[in-house]
Amino acid sequence: MQRGLVQSETLELVSPPGAVGARAERSLLRWCGVLGINLTRVDSFGGSPQNPRVVIGSINEPGVEALLASTGVELGAEGEVRWVDRVFEGPGVAIVATFEDPERPGLPVTVFAGNTMQALESLALDLRPLARPGARLFRGGRMSLSVDLRVSGAPLEESIIDYEERWQSFEQELISVPLSHELFDLKRRPGVEEGVARAWSERSVEAMTRIESWAGSLSAPLHVALTSELEEVQRIYGVCRFGVAEPARRTVIAVAHSALPEEGRRSIAEAQLVDSLGFPYTDWMLEAAAVDAVDSWWGKPLETWLAYLSAQGLVPSPTSTVTPGALRDRSDHIRIPVQAAFFRYLREHLDPEQLVELWRGEEAYAVDDIILEDFQSWLDELCAPQLVGLRAARVARHKAILEVDRRDGVAIDSPLDTQRSFVVPALAKTLDRARDLGVDALSVQCYWLEDGPQARFAAGAGPELSGFVEPDAELAHILGLARERGMRTCLVPVQLVSSSAGRSAWLRRTNAPAWRDFFVYQRRMLEHGGLLAELMGVELLSLGVELQNASRTRPEEESDLSAELFETKRKGWSESISFARAVFSGGLTYGALWRQELEEVEFWSELDYIGLAYYPRLGTPQGERPSDRAIQGSMTKVLREFALKGESLGLPVILLEVGFPSSSRAWWDTSLGQGELDLEEQMRLYSSFAGALGRVRAETDLIRGTYLWRWEIEPGSGGARDRGFSPQGKPAETVIENLYR
């Protein structure tokens, strides 16, 4: 079904007229832009059997009811919905399900239905086409149930997640916080101190007062719950965000944690806007008006972040800012703040009545060239006072990062799975354990998908249009907790063709246009990853790791590939590095695999550090295990050559990855980990590496960082039965402690 969706030229939307259909169409257009396919509306009897489709309607409509019969959904008396041995009552029940279209074999159909059309209203803002079978049921705008489906639509009983039960458990521990205002009632989880909750409340009131000045008062107070754990939001809503608003229930849950950006206040602003005015006619207005109200972006004052973007030439043209879909390929860290700036411009230049009419779609706002020029002048004037200071601070930050003489780190890899996450209860503990061993630096490897983000849901709160497997909040969580523990952080984004294919750079591309496409996607990845790294105070950003096909910019002898192809790659790397410098003020590196790629890379001089992924080959498959002395000697030779490479180019060097599996033949090729379980072999290899690194560091100060591959975050990782790379719970841990002291 995934192939059928991605390879289709057109997605069909079957929807009744009205606000729900219009919102769904606008939402689907965004995702069709990501997938590179067209969207067309058809009636229930039209369309082509070669196209996937999204069908919207009431559960009791014959066509919708027939499709949902595949999932076992039944409509009972007085609009109640029966499904998987449960009964859901009330006017706000909605279901979204994706499975194989019984009328179009091999193609997915997404059915979006409610016992009333109003039940679909807010969810239509975030509807998307999917190919993975699954279903979600919502009640009053809140996801109540999640069920994986077979391709046929039949529910998998063992996959059922009851989110209402999780919410009820969450509520039982909430503690009321007395407030002096009546805009919302506030409750906190035990992990949030009362003083923290009160301070959060005061800042939220400031934002709500700004909204009241033009949108009017709330009809009744909102209900707000604060938690210190991002994982609790993920457990309750199945999505990783700093805050979630449920306008239909007048409820907001937000995260308040010193290590994380205070983005949860946006959710309370969104809930207030919907309560006061309803959903906007123009979709971008809701998040733009909320950001304008809280007056910040990821913990930075909005004007400061806009000035940062302006100083680096990252602000899109006014025309693209107001053109629907024009910024779909730009990072949310650009798109949303700039659209918030345009909303602020409107708020300052229109009467409240005009702004409300514009919000509701009652008055067309003709954006002509004069208005766009005036907005650009307004934005330039807003940013101008901070430009000089921001540029100076950027230079100072870059200099300070390059002066760090040593990073003793471990590398953590993304789970690369929509069902797993960096947000687990054990994360803080595993970082504490690493710190106890002397670790003061953390490298985080994450994954960017060229075919767009992996959607966990077909409607309701889901991932942004960033393209990363990991939601921004998830990456912020691990980076923020590491920084809170005094660890210097490094972000290593890796570019994949799709969630089911390998690294994009590993594809054999035989012409220049194919490589130009690769670098277009690379720059999109670097834009979003670099801006996120900047916002989270990350020190190092890698342009990738182990990308031999892409990094080889020198023509090979007797190669049948054109000189133009290699020149395209050479130019692509140079442009990507320049672009990375624009979005990110920290240090730049790249991780070559083994010595061969290290010598082939021609763009080292454009970076701040030479990076190496070091998995030594210490013998031959048929040979005997070398002695400890021979192994240490071989490692010492490689590390000396690595340092000499840096000396020849005048650059420090970093071991972005170095690791040894717990297997008996790990010495032959440490990247493979062949042989039987052998914890002692892993410890011997770590000991040899520690000796080699100590010897070379005594000779030169050019080795500025070491990241051991790999540190796991899952509970019970490593241990006496693990053949993998993790040193946790194994004798190798004691070597790390000595290495990093």
Mind listing the closest non-hydrogen atom pair of [X] and [Y] along with its distance?
X	Y	answer
M117	S58	SD-OG, 3.7 Å
F279	W359	C-NE1, 3.8 Å
L314	I334	O-CG2, 3.7 Å
S296	R265	OG-NH2, 3.7 Å
R139	S144	CB-OG, 3.5 Å
G530	F584	O-CD1, 3.7 Å

Using atom types as modelled and distance alone, determine if a side-chain donor or acceptor of [X] lies under 3.5 Å from a backbone N or O of [Y].
X	Y	answer
Q312	A582	yes
D351	E353	no
R166	D162	no
R483	M536	yes
S169	E165	no
T323	T319	yes
R210	A293	yes
E470	Y447	yes

Between [X] and [Y] (salt bridge meaning N to carboxylate O under 4.0 Å), is one present in this structure?
X	Y	value
D295	R344	yes
E287	R335	yes
R41	E25	yes
R198	E194	yes

Is any side-chain heavy atom of [X] closer than 4.5 Å to a side-chain heavy atom of [Y]?
X	Y	value
S276	Q272	yes
W298	L532	yes
W167	I253	yes
S201	V177	no
L531	L309	yes
F422	V444	yes
F343	V291	no
E534	S585	yes

Working to the nearest 0.5 angstrom, can you tell me the gap between [X] [atom1] and [Y] [atom2]?
X	Y	atom1	atom2	result
D292	R347	CG	CZ	4.0 Å
R142	T251	CZ	OG1	5.5 Å
T110	R132	OG1	CZ	13.5 Å
L302	I336	CG	CD1	11.5 Å
S310	Q386	OG	CD	10.5 Å
S331	D472	OG	CG	7.0 Å

Notebook entry, point to check: Who passes ring pair (Phe, Tyr, Trp, His ring centres under 6.0 Å) against Y308, sequence neighbours left out?
Noted result: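 By the ring pair (Phe, Tyr, Trp, His ring centres under 6.0 Å) rule, Y308 matches W305.
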
Can you confirm whether [X] is buried at [atom1], in the sense that more than 12 heavy atoms of other residues, nucleotides or ligands lie under 6.0 Å from that atom?
X	atom1	answer
D369	CG	no
E193	CD	no
E381	CD	no

Notebook entry, point to check: Of E232, H257, R189, R188, which is the lone residue that meets side chain to side chain donor-acceptor pair (under 3.5 Å) with T227?
Noted result: E232

Margin query: Assess the residue pair L382 and Y345 against the criterion (side-chain contact (heavy atoms from CB on, under 4.5 Å)); give the C-alpha distance rounded to whole Å, side-chain angles, the decisive distance to 0.1 Å, and a yes or no.
Written below: CA-CA 10 Å; L382 184 75; Y345 168 83; over 6 Å; no

Notebook entry, point to check: Relative to each other, are the rings of H528 and W448 parallel, tilted or perpendicular (30° and 60° limits)?
Noted result: tilted

Checklist line | Test side-chain contact (heavy atoms from CB on, under 4.5 Å) applied to L449 and V469, step by step | finding: CA-CA 7 Å; L449 305 179; V469 172; 3.8 Å; yes

Margin query: Please determine whether side-chain contact (heavy atoms from CB on, under 4.5 Å) holds for the pair F184 and V205, giving the CA-CA distance in whole Å, both sets of side-chain angles, and the decisive distance to 0.1 Å.
Written below: CA-CA 9 Å; F184 57 87; V205 168; 4.2 Å; yes

Note to self: Under 6.0 Å from the ring centre and within 45 degrees of the ring axis: does the NZ or CZ of R26 meet both conditions for the six-membered ring of Y281?
What the structure shows: yes

Note to self: Run T209 and H181 through side-chain contact (heavy atoms from CB on, under 4.5 Å) and show every step you take.
What the structure shows: CA-CA 11 Å; T209 302; H181 62 81; over 6 Å; no

